Structure formats: structure tokens, C-alpha cells
Amino acid sequence: MQLKPIISPEQAVEKIKPNDRVMIGGFMATGSPLNVINHLVDLGTGELNIICTDTGYADKGIGQLISSKQAKSVKASHIGLNPETGRQMNTGELEVELIPQGTLAERIRCGGAGMGGFLTKTGLGTMVEEGKQKVTVEGEEYLLELPLTADVALVKASIVDKAGNCIFNKTTKNFNPLMATAAQLVIVEAEQVVEVGDVEADRFTLPGTFVDFIVAV
Amino acid sequence: MQLKPIISPEQAVEKIKPNDRVMIGGFMATGSPLNVINHLVDLGTGELNIICTDTGYADKGIGQLISSKQAKSVKASHIGLNPETGRQMNTGELEVELIPQGTLAERIRCGGAGMGGFLTKTGLGTMVEEGKQKVTVEGEEYLLELPLTADVALVKASIVDKAGNCIFNKTTKNFNPLMATAAQLVIVEAEQVVEVGDVEADRFTLPGTFVDFIVAV
Amino acid sequence: MDKQALRNRIVKRVAEELKPGSLVNLGIGMPTLVANHVSDDMGILFQSENGMIGIGRDAVTDDNLDVDITNAGGQPVSTVPEVSYFDSSLSFAIIRGGHVDSTVLGALEVDAEGNLANWIIPGKMVPGMGGAMDLVTGAKQVIIAMEHCNKNGEPKILQRCNLPLTAKGQVNLIVTEMAVIEVTENGLLLTEIAVDTTVEQVIKATGAELKIASDLKTFGEIE
Amino acid sequence: MDKQALRNRIVKRVAEELKPGSLVNLGIGMPTLVANHVSDDMGILFQSENGMIGIGRDAVTDDNLDVDITNAGGQPVSTVPEVSYFDSSLSFAIIRGGHVDSTVLGALEVDAEGNLANWIIPGKMVPGMGGAMDLVTGAKQVIIAMEHCNKNGEPKILQRCNLPLTAKGQVNLIVTEMAVIEVTENGLLLTEIAVDTTVEQVIKATGAELKIASDLKTFGEIE
């Protein structure tokens, strides 16, 4: 049977190096791998290039990585509820690229699914189109958005079996299953680890094949 | 509460008109809406433009629509196990467009998700690239594939609640949830219809919002 | 008119625009309050772009709190019985694929061409667009719910937005405490004015040319 | 050498190429038999493009038949305990996103540039490409498992394919009952010959230039 190694949060964060592109799941901290994030703050790796939908709150979740200055760049759709992100952006300490949330989700899926890009109307006629190729299809103009991939994805699942198959409860899904498809190394923080076969296979929405390591908390 | 009308297969097939583009779920008949198909054969609407992954077997599933000459065109990835499709194609009775299976799935998703197209390497340097725009991104060449939508989607689900939320068992998923996002009118043949709340919400993988009618069999 | 009465008037009027059986996404802040004015028998479902359809209107208490159910503002919410959950990829397929019937959003500026600015004030406030660009571009109907003027009493409805846009030409309707304004191909059409205002006052508070509907109506109540 | 012995030799040799812990997609027909030569302790999982990872090797009987579990040929299959299921969109994200380590497919023709033709004989046989174009383009390693010559005894390994291609320059390895041939940047490299053949025989049966590996090995058993 193909079982995935179960490691501690300490072991997990040691796999992340400065300059890594790190995707982190969660939406305003709901569904974020909070334990792994805590340990990443403690380890103080730094120089991370973070990809996430938002920088959460200053004191919770991804925001802690910003507050403790672990990030050198952030790609996100929303940073409004964490004033520290805006502050570091304004002082030039942090490079921030703002991406429409749907485009961000789709770019990550695109990276995981091996496509070269996709055409969208989101962002047309706005600052988002700057520097981007436009493609016209049947008289309609679209922005060409490119795939996003990462070195590491840190995701959070509610139930993970020992083969890495994942269930994400309710609104904790958000970016977690997408990011797991788009990174070289995928680390899943599991709220609960179960034996293979304990849960009906159809309950899992992310196949274990995408998972490299399971962090049990 | 937003409940979806439950109709008979007879009522379902009356909603389909000649020249309609009709997406039909299933993979070699696994997960195909067999009852609705049977009634569509009986009604004999004809002149349908069918979009499906394969034309199944001559005597089962989508193949019956071909055998009974209900189709004027078929877009599919595989027709090899139904010799009647090839025969009608060779005599010119049936217009057949062959599409790589992954590209077909992605084109349908693309149509449902409101994108203008996507870039793929599948089909590059083959007959599939004929007549298609090529886009170069960072020195890499890709085919631009366009979205597919339909007038009607006929899909099959294992469990459907009265609000239209759907569960697709095991390998019956295939094209069913994708097609449900990409058609104007979505008719779900339900193996089992349950009350809202009978099944845990997280079990559903297709939100009822995509469903217009439920056919109980 | 106090802030709450003003907001109530706006969201109540917006609620009347929503169609029975439709799928609606309400932006953070004032738009959220629209849900309070929609009756259950309309069968309207509320989508939240972080991944659910079926936000409930019950308040979240210690008894029904589920930390795994939050809205696009990160706040815990209750659910209706037919709730469904999905990842961000399907969520934005729903939004961008035109499956959301109406979205209600706030604005910093909105203009005569249906352009909207609500995500950035360069140099001052850069919250990011979140899902707003996707929603405004993808939803079938875009309703702006906002106060007619900004804190300084300046018009937020302009001939042409000054701030960076959220989307171009996508706004269908503007509802404020003073007016209901349709965005048409020929510019802005004033279709309703509040009971406690006049056409002249609306024109004065608006930074864009307004056409006046021949069957101009009134809305709201005198507070 | 009878057909079955010949096929056994091919698939047994292909099985040796698969890496422990890898994800593998086996094409319909002969490639399916590769699974019989992979031991459980290798932790290899088999994907099926219609939407599952974890096809089992147990035969399907009346006792374990589940009509909702079929493979890409539409045939009922058994499953391993860690099986997972998904729709065609995720299935091809797995395939096209480079998450499949190896795919094993048959061929009508394969050539010195790694081109593959296996989906159409114009005017004669048009089964369609199914998932073959996606698999050959997306999988990290593409292994062709086929008989060295066609029914008429003509080479299927050519300098340049004559039939319409399935994909361009994607094939990594060709395994036949006579030879194991690597596709390299400099053309085809014969790395192994079967125990019951000679280099001369392989060259004669091959329609492309073959370089001979300096450490040429043998494989298979004499039947």
C-alpha cells in the first residue's frame, strides 16, 4: 500500500527554504494550516514568496508570517483586514501582487492541471490587465492569465487517511485542494488522521497522490 | 426553500428540441442517464448535436441514440466501441468531431466557468491543431482550445436531494458534474431522491444551483 | 436620518430587486444586510465566494457555531438546510460562469458608463479586490448599494470614475438613500427618488448627467 | 513463440521500468497486463482516466462486482483499499499536470523522434484518441508496449510515422518482444535484445536507424 509519511510540524517546516514559493491554504484563516504556520514563524526561515488568497489577520494564520517578517513577497487577492501587510508594502519591505480571487484560484488550478494559461474577462479595463497579453476570440477580447505553481504547498484538511486522501470540511475547502495540485512538495496538516478504509472512498475529494507528507496535530 | 421540480423521463425528453446541443454524461455507459436516453430514443426527436466522451455501445446508452439516428452531429473523444458511429460517419449521415478526452473535459469546464479558452499542449503537432489558434507563452507553444456549452445537459447522479444537490458514486462521476455547469437546461436522472437534510451537505459535490429538473427513476 | 435608517432604506430597496429562486452574492458590509429583507418564500439562495451556497439568516450563537463555516469576511455564519460547499475553483466557476443572478456590492465611485471603482485608493487604501472583479464581471446583474455621497459630501456617482476600476461597464443598478438609478446604454436614468428628497437635490448630489424617467417613482419611508 | 508468451514477455519487461511509489496509467489491451507483474510492495497505484486511482488486481466476480466502478474500457474492476474517485476534469488535471509518472500504451507506429501514432488509420479505423493524446503529452514517462512488427510483418518502428500522430516527440521507451529501445535526442538507442533474437534480426525488423548501446543487454526467457 502507498502510505504517506506522517511528520511533526517541526519536521514539516524544515522542508521550506528561503526564496521558496509557498502556497498556503485557507480563507481568512478558515482552513489554514495554523500549526504549521506557527512553527514556520518560530523557525524563522524568512525570505518566503507566499501565495495565498488573503493575509488574514495580523495575529492569526498567514498574517503571522507577515507580522514576523517571514515573507519577501505575497501574491494575494485581499490584504485589507491585515493592516501590517499594507504597511510593509508601503515601506517597500514586502512586494505585494494583488490578483482577483477567481483569477488566483484559476491560475493555481491551471498550474496544477498543466495548462499554459486561460482567457478571462475578469480584470479587463482595469490595472490587472497591465503587462498582460490580450487574446481575441470570436470578436471578444480576453486577458491571458498564466499558471501559478509553487515549491511547497501548505494545506489543511479535516480528515486525512494514511494514504493521503483528504476531506475538507465545509468552507475550509477554499484554496486547499487547488494548491495541493500545483506544488512540488505538498504538506497537509490533518485535523484527524484515519486508517485507510476507515472512511468511504467517495468522501475524499483530493486523491492522496497529490500529498507528500501528513502533519498530524 | 429552493426545491427543484421532479419530472418523469417522458416530461424530460419533451424539453429537448431538434438541433439542440445536448451534453450527455457517462463513460462507456457508466454514469449515463440510461432512462432518459431510452425515452429520447422512443420519442424520436432527432437532429440532435450530441456532446459526450464516447458513443458507448451500439445497444446501450448514448450508442442507442446513434443507432436510432437521433444525432446529426457528435463531438466525442472515442467512438471505437460503437461501430455504428463509424459507419454513419463514413456514409456522411453523421458529422463527427473527435476531441482529446482531457481537452473535451476542460472545454466543457471552461464553458461552465465563463472563460474564453485555455492553452494546452495536448494535440500540438497532430490533426487536432488544424484550424486552431496557437499562442506562445514564454517561448512555449500551445493550442488555444475554446469553451463548449450546450442547450441541454442530461446527466446522471446517484443521490439527489430535492434541492438538486448531487452525489455521483465512484466512477459514475466522469463528465456528469462538468456538463451540469455548462448547459442552459440541466436535467439530472437520479438513482435515488432524498429529502433536503437527509444527507450531510459535504457529501454533495455538485450544488443544486446547477440543476433545473430532477428525473426520478 | 441616522446611518442605520439610511442603510436600512437602501438594503430594503435593493432586496426588492432580487428575483424569486435566484442565486445572489452579497458583498461584505452593508450589502450583507440585504438578506434581512428577503422573505423565505422567495427561495433565494445566498452564495459566498469562499465556497458555499446557502448562508442562513439565523444569528450564530454558541449553540450553532461551527468554526468550519464562515463567510467571505471570515465570520461564522449559519446555513439553510439545502446548503452546499465547494472549493474556490468551483466557487468562481459559479461566479465567472454567469451562474450568479445578482451581486450587491458597495462602491467608492460608480459612473455613467457602468464602471465601478471599489478596491483601491492609490497611496491610501489598498485592501485588494478579493472576489469583487470576478463578481462584477461574472454576475448577470450588478447592483451597487451605497450612500449617495462620500464622507466629505462629494458625489460618488460620476460621469467617469477617477479611481482605478474594479470592472468596466458592468454595473446595472445603483441604489442609494436618495435614489434608484439605472445604468443604460444612454447613461444614467433616475427611476426613483426617496420620499424625503427632490429631483433637484439628487441632481446636485450626483456628479454625472441624469436622465429622469418619465414615470419617476418614490421609495423609502420618512424617518 | 505464441501470442500470449510474447505479450507476457513484453509486459513483464515493461513492469521492470515502473518506479516504486509511482502513479501509472495503463492503456487498454496489452498494457493492462503490466499490472500482473507489479508486486504489491512496490506501492504502485494505477490510475484510470475515467476517474479513479487504485485499480485492484483481483478479478471481478459476482461477489465483488460494483457496476459503479469501471475502468477506461468500461469494464468493471476491483479496487485497492486506498482507492479514490474523481471527475474527468480532475482526472485530466492529474494526467495533463504531469502527476502521472508513467503511462504504457500500444502503438500503430512509433518513430525515431519519439512521435507516436495510435489513434487513427484514415479511411479504415477511426476509434478516436480517447485520453491517449493527453496521456502521452502529460505523463512524465511514456512507454510503448507493442509487437515489433504489424500483422503483415512490417516494421512499426519507423524513421518517421506515416499515420496521423497522437503526439509529437513524447515517447521515451519502446518495449517489444524483440527489443528494448530508448528514444534519445540522437535517435533510437537499442539497449536490450530478447534472448531469442540477434541485433541483426532487430535491425531488419525495424524501419528506423538504431544505435546499439555499448552495454547491450538481453531480456526475456526462451519459451
Side-chain angles (χ1 to χ4, degrees), chain A residues 25-31 53-57 60-61 74 76-83 85-86 89-90 96-106 108-110 112-113 120-129 158 168-179 181 191 205-206, chain C residues 28 48-55 66-77 79 83-98 113 115-117 119-120 122-138 161 163-170:
Chain A
F27 193 107
M28 292 309 294
T30 299
T53 185
D54 59 71
T55 54
Y57 311 98
K60 191 177 178 194
V74 170
S77 72
H78 200 269
I79 60 170
L81 295 178
N82 183 350
T85 310
M89 178 173 70
N90 289 335
V96 175
E97 184 187 349
L98 290 166
I99 300 171
Q101 201 168 108
T103 294
L104 181 63
E106 201 61 44
I108 294 168
R109 181 181 178 278
C110 193
T120 181
K121 289 201 170 281
T122 295
L124 264 188
T126 77
M127 282 166 60
V128 167
E129 73 174 36
S158 306
F168 307 90
N169 279 354
K170 299 164 181 167
T171 63
T172 70
K173 296 174 183 56
N174 54 64
F175 280 71
N176 284 306
L178 306 179
M179 288 174 167
T181 70
E191 212 165 284
T205 53
L206 181 77
Chain C
I28 298 174
S48 186
E49 65 265 31
N50 58 315
M52 67 185 287
I53 287 178
I55 297 183
D66 182 337
V67 294
D68 285 348
I69 311 179
T70 54
N71 66 12
Q75 300 306 309
V77 288
T79 60
V83 64
S84 59
Y85 305 99
F86 32 82
D87 67 24
S88 298
S89 147
L90 185 55
S91 189
F92 282 91
I94 291 170
I95 289 168
R96 293 150 63 117
E113 294 170 22
N115 298 325
L116 169 67
W119 73 280
I120 184 173
K124 278 194 184 166
M125 187 195 77
V126 190
M129 64 293 276
M133 286 192 180
D134 306 294
L135 276 162
V136 178
T137 306
C161 288
L163 292 170
L165 299 186
T166 303
K168 216 173 153 178
Q170 299 291 334

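This one's a predicted model, so the numbers in the text were calculated from it and none came from an experiment. Every chain is numbered from 1, with letters handed out A, B, ... down the list of sequences.
Within the 4.5 angstrom heavy-atom criterion, atoms from both the backbone and the side chain of I69(C) approach chain A. Contacts between S88(C) and chain A at a heavy-atom distance below 4.5 Å involve backbone atoms as well as side-chain atoms. In this structure, chain A has no heavy atom under 4.5 Å from any part of N115(C). Contact of A117(C) with chain A is not made at all, since no heavy-atom distance falls under 4.5 Å. The parts of Y85(C) that come within reach of chain A are both its backbone and its side chain, each placing non-hydrogen atoms under 4.5 angstrom from that chain. Both the backbone and the side chain of E49(C) come within less than 4.5 Å of a heavy atom in chain A. Contacts of F168(A) with chain C are absent, with no heavy-atom separation under 4.5 Å from either backbone or side chain. Of the two parts of P100(A), the backbone and the side chain both hold a non-hydrogen atom closer than 4.5 Å to a non-hydrogen atom of chain C. Looking at L124(A), only its backbone comes within 4.5 Å of chain C, counting heavy atoms on both sides. For S91(C), no part sits under 4.5 Å from any heavy atom of chain A, backbone or side chain. In this structure, no portion of S48(C) lies under 4.5 Å from any heavy atom of chain A. Looking at I99(A), only its backbone comes within 4.5 Å of chain C, counting heavy atoms on both sides. Within the 4.5 angstrom heavy-atom criterion, atoms from both the backbone and the side chain of N169(A) approach chain C. Looking at V136(C), there are no atoms closer than 4.5 Å to chain A (heavy atoms on both sides), in backbone or side chain.
A heavy-atom distance below 4.5 Å is not found between the side chains of K173(A) and T205(A). At a threshold of 4.5 Å between non-hydrogen side-chain atoms, the residues T103(A) and V128(A) do not count as touching. Using a 4.5 Å heavy-atom threshold, the side chains of R109(A) and F92(C) count as separate.
The candidate with the highest count of non-hydrogen atom pairs below 4.5 Å against chain A, out of T137(C), D68(C), N71(C), is D68(C). The candidate with the highest count of non-hydrogen atom pairs below 4.5 Å against chain A, out of M125(C), Q170(C), R96(C), is R96(C). Your options are S89(C), G74(C), P76(C), and the one with the most heavy-atom pairs under 4.5 Å with chain A is S89(C). Chain C forms more heavy-atom pairs under 4.5 Å with one residue of D54(A), T172(A), T85(A), V96(A) than with any other, namely T172(A). Most heavy-atom pairs under 4.5 Å with chain C: of the set G86(A), P177(A), G31(A), G102(A), this distinction falls to G102(A). Counting heavy-atom pairs closer than 4.5 Å to chain A, the top residue among K168(C), M133(C), M129(C) is M129(C).
One N or O on the side chain of T171(A) and one on the backbone of T70(C) form a donor-acceptor pair closer than 3.5 Å. The backbone N or O of P127(C) sits nowhere less than 3.5 Å from a side-chain atom of W119(C) that would complete a donor-acceptor pair. Under the 3.5 Å distance criterion, the side-chain polar atoms of N82(A) are matched with a main-chain donor or acceptor of T55(A). Not one N or O on the side chain of T79(C) forms a donor-acceptor pair closer than 3.5 Å with the backbone of I55(C). A side-chain donor-acceptor contact under 3.5 Å links T181(A) to the backbone of L178(A).
Between M127(A) and P164(C), the shortest heavy-atom distance links the atoms SD-CB, 3.4 Å. Pairing each heavy atom of H78(A) with each of L81(A), the nearest pair is CE1-N, 4.1 Å. The two residues V126(C) and L98(A) come nearest to each other via the heavy atoms CG1-CD1, 3.4 Å. Contact between C161(C) and L165(C) at its shortest, heavy atoms only, is CB-CD2, 3.6 Å.
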